[in-house]
Engineer: 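Here it is, the structure in full.
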Amino acid sequence: MFGGQRQMEYNFDHIEKKWIKIWEEKRTFHAHIKNDKKKFYCLVMFPYPSGRIHIGHVRNYVIGDVIARFKRMKGFNVLHPIGWDGFGMPAENAAIDKGIHPAKWTKDNIEHMRSELKRLGISYDWERELATCDEEYYKWNQWFFLKLLEKGLAYKKKSFVNWCQRCQTVLANEQVIEGKCWRCDTTVEQEKLDQWFFKITSFADQLLDDHRIIQKGWPQRVLVMQKNWIGRSEGIMVNFKFQNKDFPIFTTRPDTIFGVTFMALSPEHPVVEEIIEQSSKKKKEEIIKFLNKVKKEDIEKRRSGEYEKEGVFTDLYVINPLNNDKIPLYIANFVLMEYGTGAIMAVPAHDQRDFEFAKKYKIPIKVVIQSEGKQLNPDKMKEAYLEKGIQVNSGSFNGLDNCQAMQKIMDFIEKKDLGKRTINYRLKDWLISRQRYWGTPIPVIYCKKCGLVPVREKDLPVRLPEDVKFSHKGGSPLARTELFIKTICPKCGGEARRESDTMDTFVDSSWYYARYTSPNETTLPFNKKNITYWMPVDQYIGGIEHATMHLLYARFFYKIIRDLGLAEGDEPFINLLTQGMVIKEGAKMSKSKGNVVDPDKFINKYGADALRLFILFASPPEKDLDWTDKGIEGTSRFINRLWTFINTHIKRIESIPNKNLNPDDLIDTRKELFILLNQTIKKVTDDIENDFHFNTAIASIMEFLNALSKFVYKSETDLILLKLALKNMLLLIRPFAPFISEELGHHKAFDLNDQPAWPDYDKNFVRFDSYTMIIQINGKVRGKITAPLGLSEDKMKELALSDPGTQKWLKDKDIEKVIPIKNKLVNIVVKS
RNA sequence: GCCGGAGUGGCGGAAUUUGGUAGACGCAACGGACUUAAAAUCCGUCGGUUGUUUACAACUGUGUCGGUUCGAGUCCGACCUCCGGCACCA
């Protein structure tokens, strides 16, 4: 083969290149609709083309590939696509720093990363590859935007938004992690800007309720994270009276409404300005001083629980509509403008925050829920009382338990037209405007005469101009590009200007999975026949970090796709696997720590199969994986052992006729080997199908090779058995290490075709007919004997008690009880 | 603070589904074979303690304490630690 002493060595480089070429030429992994086969859509989260594949990608894509290859062997018609999340800021930063155009930078990166993925031997249908920065793709982002605009689900509003100074753009709530930008870690500031939003809040209930559909297929923690993120809470909007006008506030505790002793406004509340105008000079100064103080304190601090609650009295009062109490109105730093109406009714006796504030400003505390155990005295309370109890000081509701009173009070409020039951969400509308160049232009035009005019569908796409100036100064490059901005109003033909904001890149990734079903469709985002056949995604695999961003947006978008009549079904991803991170020396990989693992280096040194095997073997997929440079040597050795072992026997096997062997004729070690083969097939199949525990699947294949290596093959029966074992082993290893499996499988000794079927095991031969019976004395293992399977409990007792090895433990002892567990053990309970 | 998840050899991890031989498989380490030598490869040892010339034997051991059980890494209760998410959401 390669001559000389090295003949046996596995030349992975040559072999891997050979098979990559063959797969491509034969279009082995190209998917198309087959009505006689069950479909299986296996999807991995597409990468951002940052320049190089990193080890986290490798893990994600290898896991996806194992599932795709396995399902193909199981007879499914598998769709396994890949593409590029092409828009985003690093491309633009490269343009600013190095003067490379974002389009070129992105294209070059894709070229490189594509070749890296091919080297890994991932079985993608490359004919469906897409990049979101291609105009054939982003055209449909714009199309969706117009549809959302038509439906009133896209709107523009001036509001406080999260602003990242470094990125010079706004961020969605989900992209602010602990007060910092999710990309660059800069502290996020609040700016009041006119921005585009998608009305995801209209779908809050659906997003929550449809968890039911994906309950079984998604990790519990992702569902919990989404549930918390959506943050549904049921309550009531109550109209308090302020200067003879309705002043609504939201509460989830209407049972405490008789205990309101002050009201507090968020410092950003619009009414605050009116109040200032009305105030005396002295009060005006006091309020402005307070507002300035709040403004200076950064948002991160303000949102933390340790922040001291402070406020200022406005000298004004509101009226509690239930008892007409006159209630002092404060402006307080702990009230959030983004939640409810930006104003709260404060009940110090039954809310800890209100309690702290009241103590500080000596506001009265009024108990309205009395504990049944101990009597609450407002003067002596150390903290708010949050438990259940009996209503007091609550007019006609006195004496009810507070849970009942909750409903009765709400009924009363609604009957008297003082308010309305409401559901409030923590979830905010999705801010999609970005003041950047490398994204999808938002397709609207501003005309002096006609106002806001959507671009006509037939004029799509609104193309990104190529000739644009990038600078360190920040600000939107599109806004500075007159050639792009200046346009003609589609309505009146007069002079008009284009929107210069581009879309958040999460818009791109909200529907790419559906585009894969019809990547070349030109009249609609996707072809109905294709999407109906392939969707939903049967298995989605990606990082946990997208739990509340991408995975929420994509679910939202699919509901819109459904409502537009473009697809059926409510959920895009039926099963989700969130793989753990790849870490090194207990720490997240990062350039600054210098612990980044370069996959190319390991492919060059050990080959793709060895890398694939190690990354699967080191840990189950959902757990973090601790990378060690040495670990891969183990799987590399295994591949070489497999190669050497098969090559030393292949000549002898080759001439063995393809005879079926009758397992009933096998005895002794041959029978053991045969049973081990069946056990291994069962174990590997179960591990893949039940919980994707590829690490134990691979371990059992290793064990099987170890067992095969110890056996001496002499007779023809031995060789038939060996041939059978090896053929099956090549099939079992195929999803994990496809290259060596193909290379050896195509040898005429095995003659496997391009798409061989996953092996079955013989149910009659997964167990031996005898087993090791454990003998315990008082629960401790004291002996092991071989017993036939299915031995009766009485016989087991007999056998255990007569075993010579156990006698010394039974000497001078009284046997109290003997507990036999069929086909397992006998426990003898003794007393001395 | 609230909500999740996890604690097993020097290390990654198995066994947790259904209570029944703890430590599969691999890494590292150590000993041996081959070699002039090294690498590679192959064979062997490998939780701890104690005893024995050895084969071996006993005790102990799955974060801590307690419980249930003939029997607990696995079930129950309390606690400790670590990781992740959310965090003044009215």
Side-chain angles (χ1 to χ4, degrees), chain A residues 5-6 8-9 177-178 219-229 231-233 235 249-253 256 264 302-309 332-336 338-347 350-354 356-357 424-428 544-545 547-548 580-581 586 613-614 617-620 622-635 637-638 640-641 644 683 686 690-691 693 695-706 709 772-784 816-821 823-830:
Chain A
Q5 278 203 314
R6 307 220 130 204
M8 281 302 199
E9 197 158 296
I177 314 291
E178 289 170 356
Q220 208 51 38
R221 62 174 176 152
V222 176
L223 295 173
V224 170
M225 277 189 224
Q226 289 201 346
K227 192 177 166 215
N228 292 340
W229 192 263
R232 178 189 154 106
S233 52
I249 57 92
F250 175 76
T251 181
T252 54
R253 292 295 304 276
T256 64
R302 210 180 137 191
R303 285 192 185 185
S304 79
E306 291 125 57
Y307 187 67
E308 198 189 346
K309 291 170 184 57
N333 62 357
F334 70 94
V335 183
L336 304 174
E338 314 94 80
Y339 191 78
T341 61
I344 57 157
M345 64 173 221
V347 187
H350 306 292
D351 183 288
Q352 188 57 28
R353 296 156 296 182
D354 301 348
E356 286 166 30
F357 192 85
N424 232 306
Y425 298 95
R426 190 186 162 277
L427 181 72
K428 292 281 151 313
I544 185 76
E545 65 274 17
T548 52
M581 278 187 308
L613 275 179
F614 176 66
F617 177 70
S619 165
E622 71 279 4
K623 279 184 69 169
D624 283 352
L625 184 154
D626 206 344
W627 177 271
T628 58
D629 290 356
K630 281 276 181 196
I632 191 172
E633 289 181 15
T635 51
R637 277 198 278 266
F638 168 70
N640 278 299
R641 263 207 311 277
T644 312
K683 171 82 177 146
D686 291 351
N690 296 346
D691 44 18
H693 280 186
N695 55 332
T696 49
I698 293 166
S700 66
I701 299 173
M702 288 174 169
E703 281 180 78
F704 190 49
L705 179 63
N706 291 346
S709 312
T772 306
M773 191 177 96
I774 303 300
I775 302 168
Q776 296 184 333
I777 314 286
N778 289 345
K780 285 189 182 171
V781 180
R782 296 301 185 192
K784 296 171 190 182
E816 285 200 332
K817 225 195 291 188
V818 181
I819 302 156
I821 305 293
N823 297 337
K824 256 185 192 143
L825 56 76
V826 175
N827 190 11
I828 304 167
V829 185
V830 297

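FYI, side chains are in, hydrogens and waters are out, and symmetry mates aren't considered; it's all heavy atoms of this structure.
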Engineer: Please give me the minimum heavy-atom distance between A:Ala547 and A:Val222, naming the atom from each residue.
Structural biologist: CB-CG1, 4.0 Å
Engineer: Would you kindly give the CD-to-P distance between A:Glu545 and B:C83, to the nearest whole Å?
Structural biologist: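 In whole Å, B:C83 P lies 19 Å from A:Glu545 CD.
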Engineer: Identify, between A:Asn424 and A:Arg637, the residue whose nearest nucleotide on RNA chain B lies closer to the 5' end.
Structural biologist: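 Checking each residue's closest nucleotide, the 5'-ward one belongs to A:Arg637.
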Engineer: Figure out the NZ/P separation between A:Lys623 and B:C82, and round it to whole Å.
Structural biologist: 18 Å
Engineer: Please tell me which of A:Thr548 and A:Thr635 maps to the more 5' nucleotide of RNA chain B, matching each residue to the nucleotide holding its nearest heavy atom.
Structural biologist: A:Thr635
Engineer: Please report the distance, rounded to the nearest Å, between CH2 in A:Trp229 and C1' in B:C2.
Structural biologist: 16 Å
Engineer: Rounding to a whole Å, what distance do you find between A:Glu633:CD and B:A40:P?
Structural biologist: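 Spelled out: CD on A:Glu633 to P on B:A40 is 8 Å.
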Engineer: Can you check the distance between B:C46 and B:G7, where both ends of the measurement are the C1' atom (answer in whole Å)?
Structural biologist: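 Result for the C1' pair: 24 Å, nearest Å.
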Engineer: Under 3.5 Å, which N/O atoms of the protein pair with N/O atoms of nucleotides 55-63 of chain B?
Structural biologist:
residue, atom, partner, partner atom, Å
B:C59, OP1, A:Arg782, NH2, 3.2
B:C59, OP2, A:Arg782, NH1, 3.1
B:U60, OP2, A:Lys780, NZ, 3.1

Engineer: Would you tell me if any nitrogen or oxygen in the side chain of A:Lys824 comes within less than 4.0 Å of OP1 or OP2 on B:G20?
Structural biologist: no
Engineer: Considering only atom C1', compute the distance from B:G48 to B:G85 and round it to an integer number of Å.
Structural biologist: 39 Å
Engineer: Can you identify which nucleotide, out of B:A90, B:C3, B:G13, has its nearest atom closest to the A:Val335 side chain?
Structural biologist: B:A90
Engineer: Under the side-chain contact (heavy atoms from CB on, under 4.5 Å) rule, what do A:Asn827 and A:Lys817 come out as? Steps first, then yes or no, please.
Structural biologist: CA-CA 8 Å; A:Asn827 190 11; A:Lys817 225 195 291 188; over 6 Å; no
Engineer: Using a 4.5 Å cut-off on heavy atoms from C-beta on, say whether the side chain of A:Glu816 contacts that of A:Val830.
Structural biologist: no
Engineer: Taking B:U16 as the reference, what is the distance to B:A29 when you measure between their P atoms (whole Å, please)?
Structural biologist: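 To the nearest whole Å, 31 Å.
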Engineer: Taking atom CZ of A:Arg637 and atom CE of A:Met702, what is their separation to the nearest 0.5 Å?
Structural biologist: 10.0 Å
Engineer: Over all strands shown, is A:Thr251 touching base, sugar-phosphate only, or nothing at heavy-atom distances under 4.0 angstrom?
Structural biologist: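 Contact class for A:Thr251: sugar-phosphate only.
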Engineer: Take atom OH of A:Tyr339 and atom C1' of B:C86, then tell me their distance rounded to the nearest Å.
Structural biologist: 14 Å
Engineer: Below 3.5 Å between N/O atoms, which protein atoms pair up with nucleotides 43-46 of chain B? Just atom names and distances, please.
Structural biologist:
none

Engineer: Of all heavy-atom pairs between A:Asn695 and A:Phe617, which one has the smallest distance, and what is that distance?
Structural biologist: CB-O, 3.3 Å
Engineer: Please name the pair of heavy atoms, one in A:Thr341 and one in A:Phe250, separated by the smallest distance, quoted to 0.1 Å.
Structural biologist: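 In this case the closest contact between A:Thr341 and A:Phe250 is OG1-N, 4.3 Å.
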Engineer: Minimum heavy-atom separation for A:Lys683 and A:Ser700, please, with both atom names.
Structural biologist: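 In this case the closest contact between A:Lys683 and A:Ser700 is CG-OG, 3.5 Å.
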Engineer: How close do A:Arg641 and A:Asn706 get, counting heavy atoms only, and between which atoms?
Structural biologist: NH2-OD1, 4.0 Å
Engineer: Is there a side-chain contact (heavy atoms from CB on, under 4.5 Å) between A:Phe334 and A:Asp354 once you walk through the steps?
Structural biologist: CA-CA 9 Å; A:Phe334 70 94; A:Asp354 301 348; 3.8 Å; yes
Engineer: Could you spell out the base pairing of RNA chain B as a dot-bracket line? Use Watson-Crick and G-U wobble contacts where both distances are under 3.5 Å, [ ] for crossing pairs, | for partners on a different strand.
Structural biologist: (((((((..(((.......[....))).(((((.......))))).(((((....)))))..(((((..]....))))))))))))....
Engineer: In whole angstrom, what separates A:Arg221's CZ from B:G4's P?
Structural biologist: 14 Å
Engineer: Counting the atoms with a prime plus P, OP1 and OP2 as sugar-phosphate, which does A:Asp624 contact under 4.0 Å by heavy atoms, base, sugar-phosphate, or nothing?
Structural biologist: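 The answer is sugar-phosphate, as A:Asp624 gets under 4.0 Å only of primed atoms, P, OP1 or OP2.
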Engineer: What interatomic distance, in whole Å, is found between C1' of B:C30 and the corresponding atom of B:U36?
Structural biologist: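 Those two atoms are separated by 25 Å.
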Engineer: So, taking the atom named CG in A:Asp626 and the one named OG in A:Ser619, what distance separates them when rounded to the nearest 0.5 Å?
Structural biologist: 9.0 Å
Engineer: Pick the P atom in B:U53 and in B:C76, then give their distance to the nearest Å.
Structural biologist: 49 Å
Engineer: To the nearest 0.5 Å, what is the distance between CG (A:Leu625) and CE (A:Met581)?
Structural biologist: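 With rounding to 0.5 Å, CG (A:Leu625) is 11.0 Å from CE (A:Met581).
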Engineer: Can you check nucleotides 21-25 of chain B for protein contacts, nitrogen or oxygen pairs under 3.5 Å, and list what you find?
Structural biologist:
residue, atom, partner, partner atom, Å
B:U21, O2, A:Lys784, NZ, 2.9
B:A24, O2', A:Glu703, OE1, 3.1
B:A24, O2', A:Glu703, OE2, 3.1

Engineer: Is the phosphate of B:C89, meaning OP1 or OP2, less than 4.0 Å from a side-chain N or O of A:Thr252?
Structural biologist: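 False: A:Thr252 side-chain N/O out of range (4.0 Å or more) of B:C89 OP1/OP2.
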Engineer: Could you work out, with salt bridge (charged side-chain N to carboxylate O under 4.0 Å, His left out) as the rule, every residue matching A:Arg426, not counting sequence neighbours?
Structural biologist: none
Engineer: Between the base of B:C86 and the side chain of A:Asn228, is there a donor and acceptor pair under 3.5 angstrom?
Structural biologist: no
Engineer: Considering every strand and a 4.0 Å limit on heavy-atom distances, what is the contact class for A:Arg426: base, sugar-phosphate, or nothing?
Structural biologist: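 Result for A:Arg426 = base.
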Engineer: Between atom CD1 in A:Ile775 and atom P in B:G20, what is the gap in whole Å?
Structural biologist: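 In whole Å, B:G20 P and A:Ile775 CD1 are 19 Å from each other.
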Engineer: Using 0.5 Å steps for rounding, measure from the CZ atom of A:Arg221 to the CG atom of A:Asn228.
Structural biologist: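 Result: 13.5 Å between the selected atoms.
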Engineer: Check the chi torsion on B:G9 and let me know: syn if it falls within 90° of 0, anti if not.
Structural biologist: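 Syn conformation here, the glycosidic angle of B:G9 being no more than 90° from 0.
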Engineer: Pairs under 3.5 angstrom, nitrogen or oxygen only, protein versus nucleotides 73-76 of chain B, please.
Structural biologist:
none

Engineer: With C1' as the reference atom in both, quote the distance from B:G63 to B:G51 in angstrom, rounded to an integer.
Structural biologist: 31 Å
Engineer: State the NZ-OG1 distance between A:Lys824 and A:Thr772, to the nearest 0.5 angstrom.
Structural biologist: 13.5 Å
Engineer: Using the P atom as the reference point in each nucleotide, state the distance between B:A24 and B:U8 in Å, no decimals.
Structural biologist: 16 Å
Engineer: What are the two closest non-hydrogen atoms of A:Ala332 and A:Phe357, and how far apart are they?
Structural biologist: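 The pair with the smallest heavy-atom distance is CB-CE1, 3.8 Å.
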Engineer: Expressed in angstrom and rounded to an integer, what is the separation of A:Leu625 atom CG from B:A14 atom C1'?
Structural biologist: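 It is 16 Å, rounded to the nearest whole Å.
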Engineer: Checking A:Asp351 side chain against A:Ala346 main chain: does a donor-acceptor pair fall under 3.5 Å?
Structural biologist: no
Engineer: Could you please spell out the steps behind the side-chain contact (heavy atoms from CB on, under 4.5 Å) verdict for A:Ile544 and A:Met225?
Structural biologist: CA-CA 10 Å; A:Ile544 185 76; A:Met225 277 189 224; 3.9 Å; yes
Engineer: Step by step, would you call A:Thr256 with A:Met345 a side-chain contact (heavy atoms from CB on, under 4.5 Å)?
Structural biologist: CA-CA 10 Å; A:Thr256 64; A:Met345 64 173 221; 3.7 Å; yes
Engineer: Using the P atom in both, what is the distance from B:G10 to B:A6, to the nearest Å?
Structural biologist: 23 Å
Engineer: Could you measure the distance from the NZ atom of A:Lys309 to the CG atom of A:Asn333? Nearest 0.5 Å is fine.
Structural biologist: 8.0 Å
